[in-house]
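Only one structure is covered here, and it is reproduced in the block below.
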Amino acid sequence: GRRGAYVYSDLGFVALGLLAEVATGEPLDALMRTHLFEPLGIAAGFRPDASLLGRIAPTERAPRRGTPAPIIRGEVNDPRAWRRGGVAGHAGLFATADDLARFAEAMLGGGSPIFNAASLRDMTADRAGRGLGLDHEDRTREGWSADAFGGVVVPSAVDMCSASLG
């Protein structure tokens, strides 16, 4: 691309997940369960329980798995995350609308109990249209492909949080 142009890459989050494992000596899914999922009461996560699959947005329609192409849920489709057993710093995390609402409430409430206020400010600071894992640019015109989420229409994250929070 042209110099200074934004080019998407998930390699930083792949490396971040590996760094967290090396630094702590624990697998990423155990770290996330201890420091994020359990404190917030999040039910899903990496490799979600089969009982939650009906409440998780579809991953994709998978023609390589047969005809008609089945819709898969709760299974990672990223090849690097798949090679790591579905657990990676950049892909493989699944959530229900209730899970997403719990995370959003923590973020909107100053980060507690998962982030301190200074970490949350640093994470969400606008860095030329990007944050640490967050977009700040208006991307509403980009839309999703017809095959996003398995060709199934799903509500936006905002709609899901609003519905869950009542």
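A quick note: this is a predicted structure, and the numbers were derived from the prediction, not measured.
Proximity of a side-chain donor or acceptor of Thr67 to a complementary backbone N or O of Ala69 within less than 3.5 Å is not detected.
Side-chain contact check for Leu53 versus Phe94: every heavy-atom pair is 4.5 Å or farther apart.
Listed by first and then second residue, the salt bridge (charged side-chain N to carboxylate O under 4.0 Å, His left out) pairs involving residues 86-96 amount to none (not counting sequence neighbours).
Considering only residues two or more places apart in sequence or on other chains, Arg65 meets the side chain to side chain contact (heavy atoms under 4.5 Å, CB included) condition with Ala62, Pro70, Ile72, Glu75. For Ser51, the side chain to side chain donor-acceptor pair (under 3.5 Å) partners two or more places apart in sequence, or in a different chain, are Asp49.
Put simply, CG on Asp99 and OG1 on Thr96 are 3.0 Å apart, with the number rounded to the nearest 0.5 Å.
Remark: Asp10 engages Arg80 in a salt bridge, criterion side-chain N to carboxylate O under 4.0 Å. At a threshold of 4.0 Å, the pair Arg73-Glu60 does not count as salt-bridged, since none of the basic side-chain nitrogens sits closer than that to a carboxylate oxygen.
The closest side-chain donor-acceptor pair between Ser119 and Asn116 falls under 3.5 angstrom.
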Which donor-acceptor pairs under 3.5 Å do side chains of residues 27-44 form with protein atoms, sequence neighbours excluded?
{"from": "Asp29", "atom 1": "OD2", "to": "Arg47", "atom 2": "NH2", "distance (Å)": "2.6"}
{"from": "Thr34", "atom 1": "OG1", "to": "Ala30", "atom 2": "O", "distance (Å)": "3.0"}

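Think of Leu18 as one node in a network of Ile, Leu, Val, Met, Phe, Trp and Tyr side chains linked at under 4.5 Å; its network also takes in Val14. Under a 4.5 Å side-chain heavy-atom criterion applied to ILVMFWY residues, the cluster that includes Val76 comprises Trp82 as well.
Linking Ile, Leu, Val, Met, Phe, Trp and Tyr residues whenever their side-chain heavy atoms come within less than 4.5 Å leaves Ile71 and Leu52 in two separate clusters.
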Audit row: Met107, Thr124, side chain to side chain contact (heavy atoms under 4.5 Å, CB included) steps and yes/no: CA-CA 10 Å; Met107 297 289 283; Thr124 58; 4.2 Å; yes
When you look at Asp98 and Arg55, which way does the salt bridge (charged side-chain N to carboxylate O under 4.0 Å, His left out) test go after all the steps? CA-CA 9 Å; Asp98 288 337; Arg55 296 175 42 213; 3.3 Å; yes
